[in-house]
Structure formats: C-alpha cells, structure tokens
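What follows is one structure encoded as structure tokens, with my remarks underneath.
Letters go in sequence order (proteins before strands), and every chain restarts at 1.
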Number of protein chains: 2
Amino acid sequence: MTDKDIRRRTIHDVAKAAGVSISTASNALNGTGRTNAETRERVKRVAKDIGFRPNALARSLLTKRSHAIGMLTNDTYGRLTLPMAAGVSEVLVDQGLSVFLCATNNDPRLARLHLEALLDRQVDGIIFTATRLDLPPPIELSKLPIPVVYVFAEGPSDHISFVPDDAHGARLAVEHLKNSGRSRILHITGPDDYVAVRRRANAYRDSVGEGAEVLYGDWSEEWGHFAIDAVFSRTGEKPDAIFCGNDEIARGVIDALRDKGIGVPNDVAVIGFDNWEVIAKQTRPPLTTVDMELKELGRRAGLAILALAAGEDVDTGTTRLPCSLVVRKSCGGEL
Amino acid sequence: MTDKDIRRRTIHDVAKAAGVSISTASNALNGTGRTNAETRERVKRVAKDIGFRPNALARSLLTKRSHAIGMLTNDTYGRLTLPMAAGVSEVLVDQGLSVFLCATNNDPRLARLHLEALLDRQVDGIIFTATRLDLPPPIELSKLPIPVVYVFAEGPSDHISFVPDDAHGARLAVEHLKNSGRSRILHITGPDDYVAVRRRANAYRDSVGEGAEVLYGDWSEEWGHFAIDAVFSRTGEKPDAIFCGNDEIARGVIDALRDKGIGVPNDVAVIGFDNWEVIAKQTRPPLTTVDMELKELGRRAGLAILALAAGEDVDTGTTRLPCSLVVRKSCGGEL
DNA sequence: TCGTGATGGTAAAAGGTTTTATCAGATTCA
DNA sequence: TGAATCTGATAAAACCTTTTACCATCACGA
C-alpha cells in the first residue's frame, strides 16, 4: 500500500537485483552490446520475476521514436474510419505502436490543436483519413517533419495515398450484371461533385458502352425511390439492371421496385456500393454490393507508416486498391 | 536541410536566445517561481519567435502525468464507440489530453497487449467501453494502478460507470405514445439475455400496466417483420402502438405494417430506440426514437477521468444518464 | 553597520532509459 | 616475456524538461 509498492519497477531495480550495472541490464534485455549468455539469461529472468517493463516515455525521449502515430479523421459516426482504424491498428499493435485517434470535425482550430499535440508527443507519423476522397485536410499537412500517409483521401502527388479503386469497383459491378445476362444497365448515383462518383460513372460508361445512362442525385434512400419513380414512369425501354452509387440508394431502389410490383432480381437486378452491412444485409432481397476493403486500406497505410518511420523509403503517389464483390441475392444467378 | 534545421527547438534554445538560464526560461513560460514581469514577457516572446514547443515526452517523464488516456473498445464498426469517443475527446482536447484508441476485438490477447502498451506509456487513465452493458472486459481492469472509467459498460460496484438510463428511455417512449392517445402498446425487442433489454421491458411493463406484452427476438429488421406478421395474423385486439427495442427492429416493423396496408402513424404508432440516424431518418415515415445521448456519456466519462487524474475523488458506482426523445413522424401528433 | 526580508535569478538534481567510450582481465601470438 | 587482441562489464553522457535549494543583490529599519 505504500508509494513504493505502486511505483513501477525500473531498470535500476533489475540491475540491483541481478547484481549488475544498469548498462549491462539494458544490454542484456535488448540484446545490444556484448553480454555473456549466462548473465543475459539471469538479467532477463530477474526482470520477468520482478515484473519490469521499460518506461516508454524515457525510452522514446532518448531514441526519438515514440512508437505512436496519430490518426486524424473528420468522420463523426465512424462508419468509414473505424474499419480503417482497425486495419491500421492490426498491423501496428504487434510492432508495439499505438495510435492516437483525433476527431477533427473538419474544424481547422481543432485540427491544429490535435496536430500540435501530436507533434509535441513526437509521434512517428500521421495518418490522415477522410469521408470523401477529394476533401482537403482542414490543416496543412504537407510540410511536416514526420511522415504523413493519406487514406481514403488524396494528398499532394509527392505524398503517399491509399484509396479504393473506384473504377475497378464499378467495372466489377457492371461485369457482374452483364454476366448474369443483363443488358440495359442504369447507373443511379450520388452528387457529381464527388470525384469518386465521377470515376465510377466513367468506368461504368466505358464498360457499358452504348446505352449508358447516369442519374446523379444525393446519397439517400429517398433519391433511390425518386429515381425509380421517374425512370419507370417515362416511356421507352426500361432497364433490367441498376448499378447504385451506394447501398442506401440501392435500398431505396429496391423498396421502390417492390412497391411497383417489379421483382428483384427477376425483373431487375440491383447492385450496391459500400457493403455497409447494416443496410446491405437487411434489404429484401439482401444486397449484392461492392466492398471497398476499408480494413485492407488501413492495413496498407499502417504498413507504409511503419516503413517510413523505420527510415525506408516508400513509393510516393496514390495507390488504388482493388474492390471486391460481395454476392448476395439482389442480382440473382449466383453460380 | 541539415539535421539542425529539422530538430525541434528546445528550452535550451529559448534560454540562450533570451539570455537567461534554463530554469528562468522554464519558470517564465510556466508562470512558476518568481520572475520579473519584463523578463517573463521577453522569454515568452522569444519562445514564440523561434517556435518553441515543449517536448511532451520529457515533461511527462518528469511530472508523471502523460496527459494521455487509453480507450479500450470492442466495437468494430464504431456505431457506438465513435460518438462516445467524440464526446470524450471533446472535453479532453482543450485540457491538452490525447486519447489512444485500442480496438480489442474482444480478444484477451489483444486486450492485454494494448493494456500493457498503455501502462508502459504511463497513461493517466483508461476508459473501457463496450457494445453492450453486461459484457465483462476481456481482461482484468479492476486493480490497475491508474483510474478506470466504464462507459456503456458496468464495472465492479466500487468503480465508476456511465450507462444510459434504459428504464428512463423506455418510460419516455411509452409516455409519448400514451400522450398521443394510444392505449394498446406492444413491445417488440431484442434478446432477453441483454440486461438493457430486460430493464427496458420492465420499465415498459410498469408504465403500461394492464395489457403489457413483450416479444423478445433479435436485433434485426427481419425479426420486426416476423413479429408483425405474427401479431396481426392472430385473433383478438390489435395494438395501436409499438415500442421497438432498437431502430432496426422498428424499421422492419414499419415496413411490415406498410406491406399489410396498415397506416403509420394513423393506425399504428411506432417508436424506436437508438436514434441511429441512417436508419431512423430513412424509414417512411421517419422514425420517432429514443436517443441514448452517447456523446454526453462520453463527455461525462472524460470529465470523470479528468477529475480522477487530477487526484480529486469522484463518486463511485453507476451513473445512469437520461435519454432523450427525438420526435419525427412515426407517432403522429407532433404538437 | 548590521541584521532582515524581499526579489530575481541560477546550478544542479531528478525522471528512466540507451549508448558511447573506457577499463580491467583474460587470452592469443610472436 | 611482452605486446596485441578479445571479452565482458561499467561509468557517464545524453535526451528535455521541471523543481528544489541556494545565491547574490538591494532596500529597509534599527
């Protein structure tokens, strides 16, 4: 119960208990310098016995490696951030790195506050992550004295960014629809001021060719409804497949089709984007959709930061990671 | 481009530039000790001019306050964690505290790894947060040498916990339904091995009295559908209001009612729980629901940790925070 | 002139670790 | 035997800050 009991054991304690000097203790524990195998074992055993764990602060102060990184995000609900953070964490935790999570709310003042705190803490690197690719960071990140990696956001071209390959995702969707025998494929998507929206739309157009049609709107179920109402009340040929810009739109589309008595997937196949499970699994029928592999994105960013912090150099520029297709029931024809 | 340029300015640099000793510089900057107003200003100005920021590592090493806390979570998708983390962060950032986010995945090995890293980093406290109230932490947290606060989780009774007041939330829902003239209120909820489910159900029963009926199932839309099908195909009086255990169930319920041609809110009022906006806003009609005030929960936890770390003592035990009602259209009768 | 008390400032220790340079002793080689 | 080399261990410096204890200096009253 005394103060003495609560204070952590230091390397001094180890050295004293093992009857060696502090430097020998340090060398033995870290395998540095020259140490007799026998003493090395003895020191290690003593250290374990008395429950010695090195003070990370002291170590970092000296080595100038804090083994911590900062993650700046502007995502309030965490739908995108948390899977990425999990990926980052996954590759870092075993290397003994920890991550500071900083919610900036897109507020420059807050961003600055967090950034300065991170710098004061001597973090080994910073990962910036956003909710859309083309949103610039709320604060200048490009001339920091430490490595910066962008995930789900595109930094300056001489920096390192990881983003989903939207074009690939769109092709995946269209090919899947074609393979299940659909020929009149419509694209209902979000606002065209999103670069991701434009990329997907372009890939869709390239892949579909003749007869491609893109309807831009917002990211809501309501827009899905509305678009279906509009498309199916006009004259002319009707689509037999719809590629949606995200799962919410897809859900609206599916509900609207059902309301009209149009069968999914028999009459019209529907495919989403995001694989946001709470939506995708609960549509009727469950939604086939494109997964952006957010966790993998995080892993790659973690790996990059790790390499940079270790002084290796990493190719700059934007890496586009392939998406994957999650097949459920809304397109029929699972092989 | 030299090393010299990239190295951060230290208090040495400030002292030299201001022509004072290191201790004077420190005293001037921190307002400790006795310093002449004139020198104090000069030192501060010099510090600002050369861009001095104290090294948090060195400071923490000495003061034994790292100004960092750890947040342990097992929530992968962040729906609950991120709003709470935002609350925590909100009250901490201005005090200069940062938070380590540690995703444990409910894996004891991972939890231990993270916990040890946090302890090695001398964090000032730990916040444990879960996805359900009655899930014990994947690792023993009760006899740590630093303060621990539980949020959305209940720790041992001599610890500090913040949870939503489920009973209050349930009463809020029932009273709202009663006030809009409903009398036959049914409760469709999740699995009864959740303590939150039982608390809400009990409060519901107390509040409704005669005729209360609780249907336990799982947290899915599907269960909402199924329950409605069952209830409306049996003989006898039908409910005119349904209190759902979460928003997903509520959405299933609303969809099922619409499928049956039963009007919401005219024939049956529906109220949800969680205020998970992506669901609640997109139901047709938009869902009136109970909000658990997750951010406030986080704020309170942050405040508690702050007080504990400052050595003040805080009442132990579980604090149940009131919920709030978010009125949309699914109960009609907005005043 | 001597004590007393305030004032403004400083040297040095402390915090816990890693690393460099050095040292004593043993071994090898000529 | 003496010099050179190797081995294992250590003292001390370094990282950057805060804090304690101490030291001049000056003014004041007796």
Side-chain angles (χ1 to χ4, degrees), chain A residues 3-4 6-44 46-47 50-68 96 117 119-124, chain B residues 3-4 6-44 46-47 50-68 96 117 119-124:
Chain A
D3 264 3
K4 186 80 186 194
I6 212 149
R7 175 137 82 259
R8 289 172 62 109
R9 303 287 156 196
T10 75
I11 200 167
H12 278 86
D13 301 323
V14 176
K16 180 143 21 122
V20 295
S21 75
I22 296 182
S23 6
T24 304
S26 174
N27 281 331
L29 292 172
N30 300 322
T32 56
R34 290 178 305 225
T35 21
N36 184 320
E38 194 267 329
T39 16
R40 188 161 51 239
E41 286 318 309
R42 179 160 45 91
V43 170
K44 280 186 174 167
V46 167
I50 69 175
F52 166 74
R53 309 214 80 226
N55 182 323
L57 258 29
R59 170 181 289 183
S60 299
L61 178 57
L62 194 54
T63 60
K64 305 195 169 308
R65 294 267 329 250
S66 65
H67 297 276
L119 259 17
D120 291 350
R121 295 192 140 82
Q122 321 279 108
V123 291
D124 295 339
Chain B
D3 265 2
K4 187 79 185 189
I6 212 150
R7 173 136 88 257
R8 290 172 61 109
R9 303 287 155 198
T10 76
I11 201 167
H12 277 86
D13 302 322
V14 177
K16 179 142 23 121
V20 296
S21 75
I22 296 182
S23 6
T24 304
S26 173
N27 281 331
L29 292 171
N30 301 322
T32 56
R34 290 176 307 223
T35 21
N36 184 320
E38 194 266 330
T39 15
R40 189 160 51 240
E41 286 319 308
R42 180 161 43 92
V43 170
K44 281 186 174 168
V46 167
I50 69 173
F52 166 73
R53 310 215 80 225
N55 181 322
L57 259 28
R59 171 180 289 181
S60 299
L61 179 57
L62 196 52
T63 61
K64 304 196 168 305
R65 296 267 327 251
S66 66
H67 297 276
L119 259 17
D120 291 350
R121 293 192 143 80
Q122 321 279 109
V123 291
D124 296 339

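Nearer to the 5' terminus of DNA chain C, by closest-nucleotide assignment, is the contact made by B/A37 (compared with the other of B/A37 and B/L62). The 5' end of DNA chain D is approached more closely, in terms of each residue's nearest nucleotide, by A/N36 than by the other of B/F52 and A/N36. Between B/R42 and B/R59, the residue anchored closer to the 5' end of DNA chain C is B/R42, taking for each the nucleotide with the nearest heavy atom.
As judged by a 4.0 angstrom heavy-atom cut-off over every strand, B/N27 is placed among the base-contacting residues. The residue A/T10 sits close only to the backbone: its heavy atoms come under 4.0 Å of sugar-phosphate atoms, none of a base. Counting any heavy atom pair closer than 4.0 Å across all strands shown, A/I22 reaches a base atom. When heavy atoms are screened at a 4.0 angstrom cut-off, A/S26 is found touching base atoms of the nucleic acid. Among the heavy atoms of the strands, none lies under 4.0 Å from A/S60.
An end-to-end axis angle of 70° holds for the helix from C/dT1-D/dA30 to C/dA30-D/dT1, taken from five base pairs per end and rounded to 10°.
Contact between B/I11 and B/F52 at its shortest, heavy atoms only, is N-CE1, 3.3 Å. Between A/A25 and A/V14 the shortest heavy-atom distance is CB-CG1, 4.5 Å. Between B/T32 and B/S26, the shortest heavy-atom distance links the atoms OG1-O, 4.4 Å. Looking at every heavy atom in both residues, A/S66 comes nearest to A/V123 through OG-CA, 3.3 Å.
Protein chain A contacts DNA chain C over a range whose 5' and 3' limits, counting nucleotides with an atom under 4.0 angstrom from a non-hydrogen atom, are C/dG16 to C/dT19. Of all nucleotides in DNA chain D, those with any atom nearer than 4.0 Å to a heavy atom of chain A start and finish, going 5' to 3', at D/dT7 to D/dC16.
For B/N55, the side chain to side chain contact (heavy atoms under 4.5 Å, CB included) criterion is met by A/L61, A/Q122, B/L57, B/A58, not counting sequence neighbours. Judged as a side-chain hydrogen bond (donor to acceptor under 3.5 Å, both in side chains), and not counting sequence neighbours, A/T39 has no contacts. Residues forming a side chain to side chain contact (heavy atoms under 4.5 Å, CB included) with B/L119 (at least two apart in sequence, or on another chain): A/R8, B/L115, B/I146.
Panel note: side chain B/R40, backbone B/T35; a donor-acceptor pair is recorded below 3.5 Å.
Rounding to the nearest 0.5 angstrom, the gap separating the NZ atom in B/K16 from the CD1 atom in B/I50 is 9.5 Å. Taking CG from B/D124 and OG from B/S60, the interatomic distance works out to 7.5 Å, rounded to the nearest 0.5 Å.
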B/N30 vs B/R59, side-chain contact (heavy atoms from CB on, under 4.5 Å): CA-CA, chis, key distance, verdict: CA-CA 12 Å; B/N30 301 322; B/R59 171 180 289 181; 4.1 Å; yes
